[in-house]
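A short write-up of the structure that comes next.
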Amino acid sequence: MSRPDDALAELPALLTTVRLGRVHEHHEQIGSTNDRALEWLGAGAPDGALVTADAQTAGRGRLGRPWSSPPGRDIYASVVLRPGAPSAGFGALALAVGVGLREGLVAVFGAELSSLALKWPNDLLLGGRKLAGILCESRWRGREVELVVGFGVNVHRTREEFEPSLRARATSLALHLPEADRRGRATILAAVLHELEGTLERFFAGGFPAIRARYEPHCLVIGRAIEVEQPDGRRVYARAEGLAEDGALLARPDDGGPSFRVQSADVWLR
Ligand code: BTN
């Protein structure tokens, strides 16, 4: 990839944020940017500190799943956040990050990405396939919370560069955009961090209600028939009715039972 704005070393020149990414550590290769950010958090990393990598050898997704991370193709990034003692709950953090990521990508690519959808709780889907994923991890220090927000965005990968098991389910920006409209990873990441910064500020002040209007119109799940895989492995067939004030998914089972809240389960569209 010869585009100068593809090199993440170019990020400082492109940043428009006040906090996010102003302290930045880039690695050619690392196990997981989330692991490194958690380690750095423990060693006193400042709010907004950013870890990026060109490749991950142990990239992690939700529920301990691996995150495929070949060299130089995608964005692998983790941000340290120190919001203090949040005035609202932060259970919907992944939803807020999804809003920031989506708006950052739309800011760069405009109408071409207007169909970019948010699949509750932590995926961004393009044409029904996964373009990006989010992994939020938290720790408490007394009454204050410390967070690492990690995200991976598939940027340059061709169909063949996805593992065979992912080919039918994953996509990249390159697979959707004509060559002339493509952008480098540093340009994309700078726009994402810009949108993320404003979105997180509103979220930490007002919780999910403060970003609900920017989430719901793009949420792929509401009103749809879903299959919920509970943490204990149980599967429930239901209809997604909406989102609670704290971002939990409200679902009504097909068997006529009472509506229930989904907080950390896997959700599939049927
Ligand atoms: C998911 O969809 O399950 C979440 C995927 C999150 C992947 C990113 S890539 C950068 C950061 N480092 C990791 O090890 N994971 C996240």
Side-chain angles (χ1 to χ4, degrees), residues 8 11 20-21 24-42 45 48-81 92-102 104-105 116-126 128-139 146-157 161-163 165-173 185-186 188-189 192-193 196 200 219-221 229 231 249 262-269:
L8 291 173
L11 187 67
L20 301 195
H24 177 199
E25 194 182 276
H26 179 68
H27 300 260
E28 249 173 58
Q29 180 176 294
I30 199 166
S32 151
T33 56
N34 259 44
D35 287 348
R36 172 58 196 142
L38 284 165
E39 181 184 70
W40 195 8
L41 178 72
L50 171 72
V51 181
T52 55
D54 278 324
Q56 297 185 117
T57 53
R60 298 186 285 114
R62 267 177 87 233
L63 309 171
R65 296 184 183 125
W67 184 259
S68 144
S69 312
R73 310 309 282 148
D74 307 324
I75 290 171
Y76 316 118
S78 302
V79 182
V80 168
L81 299 171
L93 178 62
L95 278 54
V97 176
V99 167
L101 259 169
R102 186 185 179 281
L105 292 169
L116 184 57
L118 298 162
K119 178 178 163 283
W120 189 96
N122 70 323
D123 294 346
L124 275 75
L125 263 53
L126 198 51
R129 294 177 176 192
K130 186 154 168 169
L131 178 79
I134 297 158
L135 180 64
C136 301
E137 300 184 281
S138 59
R139 282 181 187 170
E146 300 175 331
L147 303 161
V148 166
V149 162
F151 49 90
V153 183
N154 301 328
V155 178
H156 298 305
R157 263 198 265 189
E161 286 173 319
F162 283 107
E163 288 79 347
S165 62
L166 294 178
R167 269 175 213 161
R169 293 185 284 129
T171 192
S172 71
L173 291 170
R185 290 174 300 158
I188 298 167
L189 183 56
V192 163
L193 291 172
L196 201 52
L200 289 174
C219 176
L220 203 63
V221 172
E229 187 179 337
L249 188 65
V262 187
Q263 251 158 333
S264 60
D266 253 354
V267 169
W268 312 99
L269 296 171

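Ligands are counted one by one from 1 in listed order, and the atoms in each one are counted from 1 as well.
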In chain order, what residues pass the salt bridge (charged side-chain N to carboxylate O under 4.0 Å, His left out) check against [X], with sequence neighbours excluded?
X      : result
Arg185 : Asp6, Asp54
Glu163 : Arg157
Arg167 : none

Name the residues in contact with ligand 1, where contact means a heavy atom under 4.0 Å away: which are they?
->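 Within 4.0 Å of ligand 1, the protein residues are Ser32, Thr33, Asn34, Gln56, Gly59, Arg60, Gly61, Arg62, Trp67, Tyr76, Ala77, Ser78, Asn122, Asp123, Lys130, Gly133, Ile134, Leu135, Phe151, Gly152.
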Would you name the heavy atoms of Val221 and Lys119 that are closest together and state the gap between them?
-> CG2-CG, 4.0 Å
May I ask you to say whether Arg169 pairs ionically with Asp123, meaning some side-chain N is under 4.0 Å from a carboxylate O?
->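 No, this pair does not count.
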Lys130 side chain vs Asn154 backbone, donor-acceptor pair below 3.5 Å |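 Checked: no pair found.
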